[in-house]
Structure formats: structure tokens, C-alpha cells
Amino acid sequence: MNTPNFLAAASAGFAATLTQAADAPAVSRLVAEIQSIDDKVRGPAWQNAGPVGAPAVKPLAGLLTHADFEIARSAKRALYQIVRHAGRPGSEKAAGAVERELLAALAADRTAAAKRDLLWMLSEIGGSGAVSPIAALLTDVELREDARCVLQRIPGSKPIGALKKALAKAPADFQAALADALRARGQKVRGHPSLKLAPTKQTSVKAEA
């Protein structure tokens with residue numbers, strides 16, 4: 001083993017441990033304030049959640065299904081603040097950390113509604129590493145439309161490949177939507193006419209008397 005490399009890795013791991021320890025009080029405070037019954041506490045908490053970052057994603061995701069609607073909504077708002085703060089220019093490391101936490105939360109046993117929220121958060125920050133887990137949901141009847149839209153938004157060639165692969169295996173009632181997503185990404189798709197061009201209402205024209 002290369003000793004300098006080993007020492008560098010150990011130092012990095014130790015620094016990460018210290019960072020997590022320093023973050024723990026901020027995360028605990030944020031989660032507690034999000035669950036406050038006082039909106040004067042809860043409001044500023046979610047509004048200023050952004051810098052708390054990735055360590056807060058898991059506990060906040062757990063509150064998305066809270067019985068109290070206002071708490072659940074505040075948790076969702078806090079997560080979006082974290083996503084957008086991490087997604088600012090020049091913060092690729094923070095964005096990657098938040099993406100990983102969102103994917104872990106998406107993989108957990110949650111309601112379709114909570115997973116739908118997490119998918120749309122990933123649409124704002126997800127990169128190529130998020131494509132496969134999201135594409136796996138294209139076979140989920142409850143979540144496939146959201147997954148399709150999210151893949152349509154993620155840049156790069158990998159989402160296009162995932163959409164093409166899904167189109168080849170998709171049931172008939174979902175093929176047109178996948179084809180439209182590919183067209184939105186600049187791809188030519190044959191054999192699947194756009195539903196946007198299909199008339200939804202029968203019309204008739206009366207001849208002039």
C-alpha cells in the first residue's frame with residue numbers, strides 16, 4: 001500500500017467524521033423546529049434549511065408523510081431548500097452528496113406520494129448516477145409518469161438511453177408518453193405518433209346555407 005495515499009485517505013475520512021459530528025446538532029435542531037406546532041418557528045426553519053445540507057435529507061424525508069399536513073409540507077419545503085442550495089454553481093461536491101441521500105431515501109419503503117416528491121427533487125439536482133434508479137421506476141404504474149418527466153429533465157446522454165430502453169419494453173399505454181419524452185430531448189421516434197397531435201374531441205363543420 002502506498003503510505004502517502006493511505007494517510008491522505010485516512011485524513012479525509014477523519015475530516016468527514018468531524019464534519020458529520022459538527023453537522024449533527026444543526027440537523028437535530030432543524031428537524032425539531034420543522035416539527036414545531038408554532039409556524040413562527042417552523043417557517044424560518046425550512047426557509048433557512050439549505051446550508052444544513054445532505055445530512056438532513058434522510059430525517060426530513062421521513063417527515064414527508066407526517067400526520068400533520070403543515071409539518072409534512074415544511075419538511076418538503078426544507079428539502080427543496082437543501083436541493084437548491086446544493087445545486088448552486090460551484091458546489092458540485094455538495095450536490096453529489098445531496099443526490100446520494102435523495103436516492104437512498106427514494107429506495108426506502110415510502111408512499112408513492114413521498115417518492116414522487118423525491119423524484120422531482122432529483123429532477124433539479126440529479127446527474128448520470130441518478131438515471132438507473134429513476135429509470136427502474138418506469139415500470140411502476142404509480143410513479144412511471146413522474147420518472148419519465150424527471151429523466152426528460154436530467155441532462156446528458158444516459159437519460160436518453162434509459163428512455164429508449166424503456167420504450168422498447170413498455171406497455172402500449174405508456175409508449176406514446178416515452179416517445180414524447182424522447183422527442184423533447186431532440187430524438188426522432190418512429191412508429192409512435194404524438195398524442196398531442198391526436199384529436200381529443202370530435203368536431204363537425206356545417207356548410208353555409
Where do [X] and [Y] come nearest, in terms of heavy atoms and distance?
| X | Y | value |
| --- | --- | --- |
| Gly90 | Glu92 | C-OE1, 3.3 Å |
| Ala86 | Ala95 | O-CB, 3.4 Å |
| His85 | Arg88 | O-NH1, 2.6 Å |
| Ala147 | Leu119 | N-CD1, 4.1 Å |

Heavy-atom donor-acceptor pair, Arg148 side chain to Leu138 backbone, under 3.5 Å: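 The answer is no, because no donor-acceptor pair under 3.5 Å joins these two groups.
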So do [Y] and [X] actually touch side chain to side chain, heavy atoms under 4.5 Å?
| X | Y | result |
| --- | --- | --- |
| Pro159 | Arg185 | yes |
| Leu79 | Leu64 | yes |
| Leu137 | Val150 | no |

Separation of [Y] [atom2] from [X] [atom1] (nearest 0.5 Å):
| X | Y | atom1 | atom2 | result |
| --- | --- | --- | --- | --- |
| Asp68 | Ile34 | CG | CD1 | 11.5 Å |
| Lys76 | Leu60 | NZ | CG | 13.5 Å |
| Leu30 | Gln81 | CG | CD | 10.5 Å |
| Leu163 | Ile154 | CG | CD1 | 9.5 Å |

Residue list, salt bridge (Lys or Arg N to Asp or Glu O under 4.0 Å) with Lys158, at least two apart or on another chain: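 None.
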For Arg73, all residues meeting salt bridge (Lys or Arg N to Asp or Glu O under 4.0 Å), sequence neighbours excluded: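 For Arg73, the residues satisfying salt bridge (Lys or Arg N to Asp or Glu O under 4.0 Å) (neighbours in sequence not counted) are Glu70.
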Selection residues 101-116 - residue pairs positive for side chain to side chain donor-acceptor pair (under 3.5 Å), sequence neighbours left out: Arg116-Asp146
Basic-acidic side-chain contact under 4.0 Å: Arg144, Asp173: yes
Qualifying residue for side chain to side chain contact (heavy atoms under 4.5 Å, CB included) with Leu118, from Val83, Ile134, Leu106, Leu103: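 Among Val83, Ile134, Leu106, Leu103, the one that satisfies the side chain to side chain contact (heavy atoms under 4.5 Å, CB included) with Leu118 is Leu106.
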side-chain contact (heavy atoms from CB on, under 4.5 Å) between Lys188 and Arg183, worked out: CA-CA 6 Å; Lys188 292 183 178 180; Arg183 291 189 186 97; over 6 Å; no
Output side-chain donor-acceptor pairs under 3.5 Å for residues 123-131, partner residues at least two apart or in another chain, one line each.
unit_1	atom_1	unit_2	atom_2	d
Ser123	OG	Trp120	O	2.6
Ser123	OG	Arg153	NH1	3.0
Glu124	OE1	Arg84	NE	2.9
Glu124	OE2	Arg84	NH2	2.8

All side-chain hydrogen bond (donor to acceptor under 3.5 Å, both in side chains) counterparts of Arg190, not counting sequence neighbours: none
Scan the side chains in residues 40-58 for donor-acceptor partners under 3.5 Å anywhere in the protein, sequence neighbours excluded, and list what turns up.
unit_1	atom_1	unit_2	atom_2	d
Arg42	NE	Ser74	OG	3.2
Arg42	NH1	Ser36	O	2.8
Asn48	ND2	Pro44	O	2.7

